[in-house]
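Reviewing the structure listed below.
If you read the sequence from its start, that first residue is 1, and numbering goes on from there. In this text the structure is predicted, and so the values were computed from the model without any measurement.
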Amino acid sequence: MQTSPNKKQLVIGNWKMNGSSAANAGLLRSLLPVISSLEGVEVALCPPFPYLSTVADLLDDSDVALGAQNLSTELTGAYTGEVGGTMLRDIGCRFVLVGHSERRALYGEDDACVAKKFATALQAGLIPVLCVGETLVQRQSGETQAIVTAQLNAVLNAVGFNDLVKGVIAYEPVWAIGTGETATPEQAQAVHRHIRQWLASQHRAAAADCRILYGGSVKADNAEQLFSQPDIDGGLIGGASLDAMSFAAICSAAQVKPTS
Ligand code: PEP
């Protein structure tokens with residue numbers, strides 16, 4: 001059981017809490033001409049909330065999709081300071097990150113909260129990108145598969161399999177995010193294979209079609225090896241997405257996937 005050969009690889013840039021109006025415009029001015037010539041790869045960018053509309057305008061003539069980094073568990077109402085999925089859809093977002101490890105660790109988002117956000121994203125017409133992954137301690141104690149499976153099960157139990165596979169899954173080992181330490185292609189592939197097999201145990205064809213991205217210190221010089229693994233369907237890129245040439249090189253590395 002492997003990824004479907006017809007599926008486009010997907011590369012998503014997560015700008016985190018970085019940028020300014022001027023910096024974003026400069027980044028896109030350098031990036032868009034380079035990635036407009038790429039084929040066989042879908043690209044999306046997730047700027048911080050205040051810049052979503054401006055970035056949406058700047059992306060207007062391109063094939064690059066817009067995504068948000070977070071959304072409320074609720075669709076609308078008296079939730080001061082929150083941002084609802086319907087609003088994100090309204091301003092042109094296609095994707096939204098759900099359960100990023102920084103949200104889980106720094107803002108107390110547990111599996112139940114992540115599952116609610118996943119369901120709300122679908123209700124709003126967004127494609128949730130469900131981030132899962134183990135800490136270093138969990139990896140060292142041999143718990144990687146159990147942790148990832150539990151994080152997936154929390155969403156499966158909340159929304160059911162048919163809705164789960166409407167989203168994208170991003171395997172992001174916590175120890176590799178923003179640390180410069182990347183999972184080796186073999187380590188990443190082993191977890192991606194586990195996720196694919198877990199999906200296949202519910203529905204074989206849907207498992208092959210579901211996109212499973214790798215995230216964690218992907219750079220221009222390690223992207224190709226990671227993306228050529230049979231169960232890796234692209235990447236979720238943090239730090240390197242802030243540099244136009246690095247991000248363009250990563251998107252380019254996702255273009256060609258050898259069929260196996
Ligand atoms: C991320 O924020 O999802 C991420 C993978 O970050 P980095 O690429 O910087 O490790």
Side-chain angles (χ1 to χ4, degrees), residues 1-12 40-44 65 67 94-101 111 114-123 125-134 138-139 142-173 176 183-216 218 223 225-237 253-260:
M1 163 61 37
Q2 280 175 6
T3 191
S4 152
N6 302 323
K7 187 172 45 185
K8 254 193 185 178
Q9 301 238 91
L10 171 64
V11 179
I12 302 179
V41 55
E42 188 178 354
V43 179
R94 177 168 162 78
F95 295 98
V96 62
L97 307 185
V98 171
H100 190 282
S101 66
D111 279 345
V114 172
K116 183 98 196 293
K117 289 189 173 191
F118 189 100
T120 307
L122 286 178
Q123 255 183 293
L126 295 161
I127 300 175
V129 179
L130 172 63
C131 304
V132 298
E134 80 290 1
Q138 289 163 339
R139 169 163 284 264
E143 292 178 89
T144 299
Q145 291 195 358
I147 294 293
V148 166
T149 309
Q151 290 170 336
L152 293 168
N153 266 321
V155 176
L156 176 72
N157 294 337
V159 304
F161 185 77
N162 288 346
D163 275 357
L164 173 70
V165 292
K166 288 180 185 155
V168 171
I169 296 171
Y171 168 57
E172 298 210 298
T184 64
E186 295 73 25
Q187 283 174 321
Q189 165 58 21
V191 182
H192 280 240
R193 189 195 322 109
H194 167 73
I195 295 171
R196 185 92 57 204
Q197 284 172 344
W198 177 84
L199 290 167
S201 68
Q202 336 262 337
H203 190 294
R204 204 174 162 78
D209 287 343
C210 182
R211 288 191 286 195
I212 309 174
L213 312 184
Y214 170 78
V218 177
Q225 264 198 309
L226 285 159
F227 296 162
S228 63
Q229 297 301 308
D231 288 298
I232 297 185
D233 305 312
L236 177 53
I237 318 300
Q255 265 191 119
V256 185
K257 176 110 178 170
T259 44
S260 41

**Item:** Gln138, CD: over 12 other non-hydrogen atoms inside 6.0 angstrom
**Value:**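 Yes, CD of Gln138 has more than 12 neighbouring heavy atoms, counting only those of other groups under 6.0 Å.
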
Least distance between heavy atoms, [X] atom then [Y] atom:
X	Y	value
Gly216	Glu172	N-OE2, 4.2 Å
Val159	Asp163	O-CB, 3.6 Å
Ala223	Val218	CB-CG1, 3.9 Å
Phe95	Val129	CD2-CG2, 4.0 Å
Gly133	Gln151	N-OE1, 2.8 Å
Val165	Ala206	CG2-CB, 4.3 Å

With rounding to the nearest 0.5 Å, note down the distance linking [atom1] in [X] to [atom2] in [Y].
X	Y	atom1	atom2	result
Cys210	Ile195	SG	CD1	9.0 Å
Leu213	His192	CG	NE2	7.5 Å
Phe118	Lys166	CZ	NZ	9.5 Å
Leu226	Glu186	CG	CD	9.0 Å
Leu152	Asn157	CG	CG	10.5 Å

**Request:** Sequence neighbours left out, what passes side-chain contact (heavy atoms from CB on, under 4.5 Å) with Ala183? Give chain and number order.
**Result:**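 For Ala183 the side-chain contact (heavy atoms from CB on, under 4.5 Å) partners, ignoring immediate neighbours, are Pro173, Trp175, Gln187, Ala188, Tyr214.
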
**side-chain contact (heavy atoms from CB on, under 4.5 Å) partners for Gln145, two or more places apart** = His194

**Leu97 vs Leu236 side-chain heavy atoms within contact, under 4.5 Å** = yes

**Item:** Stepwise side-chain contact (heavy atoms from CB on, under 4.5 Å) check, Trp198 with Asn153
**Value:** CA-CA 10 Å; Trp198 177 84; Asn153 266 321; 3.5 Å; yes

**Asked** What residue among Gln9, Lys7, Arg211 forms side chain to side chain contact (heavy atoms under 4.5 Å, CB included) with Glu42?
**Response** Arg211

**Asked** Sub-3.5 Å donor-acceptor pair from the side chain of Gln189 to the main-chain atoms of Asp231, do we have one?
**Response** yes

**Message:** Taking Ile212's backbone N and O only, do any of them form a donor-acceptor pair with Asp233's side chain (distance below 3.5 Å, no angle check)?
**Reply:**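 Indeed, once roles are kept as given, a pair shorter than 3.5 Å links the two residues.
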
**Message:** Set out, in order, the CA-CA distance, both residues' side-chain angles and the distance that settles side-chain contact (heavy atoms from CB on, under 4.5 Å) for Phe161 and Leu199, then state yes or no.
**Reply:** CA-CA 8 Å; Phe161 185 77; Leu199 290 167; 3.8 Å; yes

**Item:** Check against side-chain contact (heavy atoms from CB on, under 4.5 Å), Leu156 and Gln202
**Value:** CA-CA 10 Å; Leu156 176 72; Gln202 336 262 337; 3.7 Å; yes

